[in-house]
Amino acid sequence: MAKKIQAIRGMNDLLPEASPRWQYLEKTVSSLLTRYGYQEIRMPIVEQTALFKRSIGEVTDIVEKEMYTFEDRNGDSLTLRPEGTAGCVRAAEEHGLLYNQQQRLWYQGPMFRHERPQKGRYRQFHQIGVETFGLKGPDIDAELILLTVRLWRELGILEHLTLELNTLGSSAARAEYRQALTSYLEGFYNELDEDSQRRLSTNPLRVLDSKSAATQKILENAPLFESYLDDESRQHFTGLCQFLDAAGVAYKLNPMLVRGLDYYSKTVFEWTTTALGSQGTVCAGGRYDALVEQLGGKATPAVGFAMGVERLILLLETLDVFPAEISQQLDIYLAASGEGADAYALLLAERLRSEQPSLRILTHCGGGGFKQQIKRADRSGAQVAILLGENEIAQGIASVKYLREDQEQSEVTLSDLAGFLHQYLQSR
Ligand code: ATP
Ligand code: MG
């Protein structure tokens, strides 16, 4: 036998058993976003490498070590998108959606990062992202957070999530702070972890994000960004906190929250949970007022976030909060045997679907005797089997066999069948 080819490490198949849970989450999110007036946008999965370098930043984990970059047949450098914001800005700008306009957009789909696969961390993973453009006040930041709160409540996970908030200020304020932080950390250079040593000269704010205990210890006495924050950013942040207070949304101020992408300014936030181990961030975002201009457009304020679909599904599974009705259980297994029975069965199934569109019907295909077909019907999970033999066909009736309760088989005329089945299933 030929050697089997397997999937790429960290890239998962989504099996039929799991897809109802994904569909439920996707439907819940898209319906909620529609109710808030957000519109879906779909971008390609591949973009020019330069787009991600210029937006996410050359000295970030994503660009330095996580991107799937390759040369296409023309010799162009392309990259599988590691996130959606850059492509969304590129698309919106390219199609003139940003100039003097306000947009509330969302997208969903796979993202690619070459990370070490583990629970809640994959090389192909999925995000649902939301981006708004042309709105500069803290009211839209608050709306984004309020809509996530509503989403968590609808999904039944709100009390298991914590909102962490921070402001990164203006780029001038960050530059001043960067200087102060760098001078402070240089005094402890030899005690820093290796990543932080490297980042000190390239992206010192990321040192705040370090997972090393030694580095965290040093950071305890580091200068605080708070004292460098510019007035405008301070007012924006105070405004956001007031909106959240008025709406009764609880949050935790986390001055160490800097996020891994360079394009953020002012507001940043993360929703985290302790129920998933170390991959606890299920949703993250912030303001990126400089990005549109950085990518060649006219300066346009923007704020957005992305949620990790796999992590949300894991959380919903861990907490066991999927509604029972999302199961896609069959109602009817239509079995037929005898001369001409297969065509008869296909047509009857079509008639039932027209008369009673909500019925979930699986028609047995491939022939064979009733014994084998009833076994399949039982395994299919259907509530009832419809049996069409030569007798039934000759008399214009169907035999209804109850698969999940001890009850005598019924004979029903075809004109009554759809209503009969509907009524029976309703009563279950
Ligand atoms: P982390 O700190 O966990 O690496 P991140 O800051 O790199 O996350 P973002 O780029 O902000 O993540 O992406 C937003 C969300 O996408 C994350 O909060 C997470 O839920 C999800 N996510 C990011 N990377 C992965 C991955 N490799 N596998 C699964 N989900 C991911
Ligand atoms: Mg990451």
Side-chain angles (χ1 to χ4, degrees), residues 8-12 14 18 22 25-26 29 45 52 55-57 59-68 79-89 106-131 144-145 148 151-152 155 157 160-166 168 195 199 203 205-212 254 256-265 267-288 291 302-318:
I8 297 165
R9 202 164 106 81
M11 304 206 179
N12 301 315
L14 181 65
W22 280 64
L25 179 65
E26 289 163 358
V29 179
I45 284 168
F52 301 115
S55 55
I56 298 168
V59 198
T60 55
D61 282 353
I62 294 180
V63 172
E64 277 185 339
K65 14 183 217 207
E66 297 174 0
M67 293 204 307
Y68 280 90
T79 294
L80 299 185
R81 63 182 186 192
E83 55 98 59
T85 304
C88 185
V89 170
W106 70 277
Y107 53 82
Q108 65 176 333
M111 307 293 162
F112 303 84
R113 297 184 193 176
H114 197 277
E115 303 193 68
R116 191 169 68 76
Q118 53 197 290
K119 183 182 164 195
R121 191 176 294 284
Y122 312 101
R123 291 181 173 173
Q124 173 174 319
F125 64 99
H126 296 75
Q127 286 184 339
I128 300 177
V130 175
E131 316 288 356
L144 287 179
I145 289 172
T148 54
L151 176 63
W152 310 145
L155 293 171
I157 56 177
H160 300 274
L161 292 172
T162 304
L163 173 63
E164 297 191 21
L165 264 191
N166 192 21
L168 300 179
D195 263 349
R199 283 180 179 148
N203 195 351
L205 291 189
R206 286 301 311 282
V207 177
L208 297 176
D209 224 10
S210 166
K211 307 240 155 46
S212 142
N254 177 1
M256 298 298 172
L257 184 65
V258 293
R259 313 274 307 110
L261 303 88
D262 275 359
Y263 51 61
Y264 288 112
S265 59
T267 312
V268 286
F269 66 93
E270 287 192 358
W271 283 99
T272 60
T273 176
T274 52
L276 293 181
S278 51
Q279 267 58 253
T281 305
V282 297
C283 173
R287 189 163 269 285
Y288 50 96
L291 182 59
V303 56
F305 66 80
M307 48 193 136
V309 177
E310 281 83 356
R311 290 188 196 174
L312 278 169
I313 301 265
L314 272 172
L315 182 60
L316 294 167
E317 283 168 353
T318 306

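The structure displayed is predicted, hence computed values, not measured ones. Order of listing sets the numbers, starting from 1, for every ligand and every atom in it. Numbering starts at 1 and runs along the sequence shown.
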Could you tell me the residue and atom name of the protein heavy atom closest to atom 28 (N) of ligand 1, and the distance to it rounded to 0.1 Å? Tyr122 N, 3.0 Å
If the threshold is 4.0 Å, N to carboxylate O, is there a salt bridge linking Asp209 and Arg199? no
In terms of side-chain heavy atoms, does Thr148 have a donor or acceptor partner in Trp271 at a distance below 3.5 Å? yes
Does either side chain, that of Gln127 or that of Glu83, offer a donor lying less than 3.5 Å from an acceptor on the other one? no
Where is the nearest protein heavy atom to atom 22 (N) of ligand 1: which residue, which atom, and how far? Phe125 CE1, 3.5 Å
At under 4.0 Å between heavy atoms, which part of Glu115 makes contact with ligand 1: side chain, backbone, both or neither? side chain
Would you tell me whether His126 and Glu310 have side-chain atoms, one donor and one acceptor, within less than 3.5 Å of each other? yes
Separation between CG (Leu165) and CD1 (Ile145), nearest 0.5 Å, reads 5.0 Å
So, Gln124 side chain and Tyr122 main chain: donor-acceptor pair closer than 3.5 Å or not? no
Atoms in ligand 1 flagged as close to Gln127, the criterion being non-hydrogen separation under 4.0 Å: 13 (O), 14 (C), 15 (C), 16 (O)
Shortest protein contact, atom 6 (O) of ligand 1 (heavy atom only): Arg259 NH1, 3.3 Å
Go through ligand 1 atom by atom and flag the ones less than 4.0 Å from a non-hydrogen atom of Arg113. 5 (P), 7 (O), 9 (P), 10 (O), 12 (O), 13 (O), 23 (C), 24 (N)
I need the nearest protein heavy-atom contact for atom 21 (C) of ligand 1: residue, atom name and distance, please. Gly308 CA, 3.7 Å
Given Arg311, Gln279, Glu83, Glu310, which one has a non-hydrogen atom that is nearest to atom 8 (O) of ligand 1? Arg311
Which protein heavy atom lies closest to atom 4 (O) of ligand 1, and at what distance to 0.1 Å? Arg121 NH1, 2.8 Å
Is the backbone N or O of Gly10 less than 3.5 Å from a side-chain atom of Arg121, with the two atoms forming a donor-acceptor pair by type? no
Hey, which atoms in ligand 1 end up nearer than 4.0 Å to a heavy atom of Val282? 20 (O)
Counting each atom of ligand 1 from 1 as listed, which ones have a heavy atom of Thr281 under 4.0 Å away? 17 (C), 18 (O), 19 (C), 20 (O)
Check whether Thr267 reaches the backbone of Arg287 with its side chain - one donor and one acceptor, N or O, closer than 3.5 Å. no
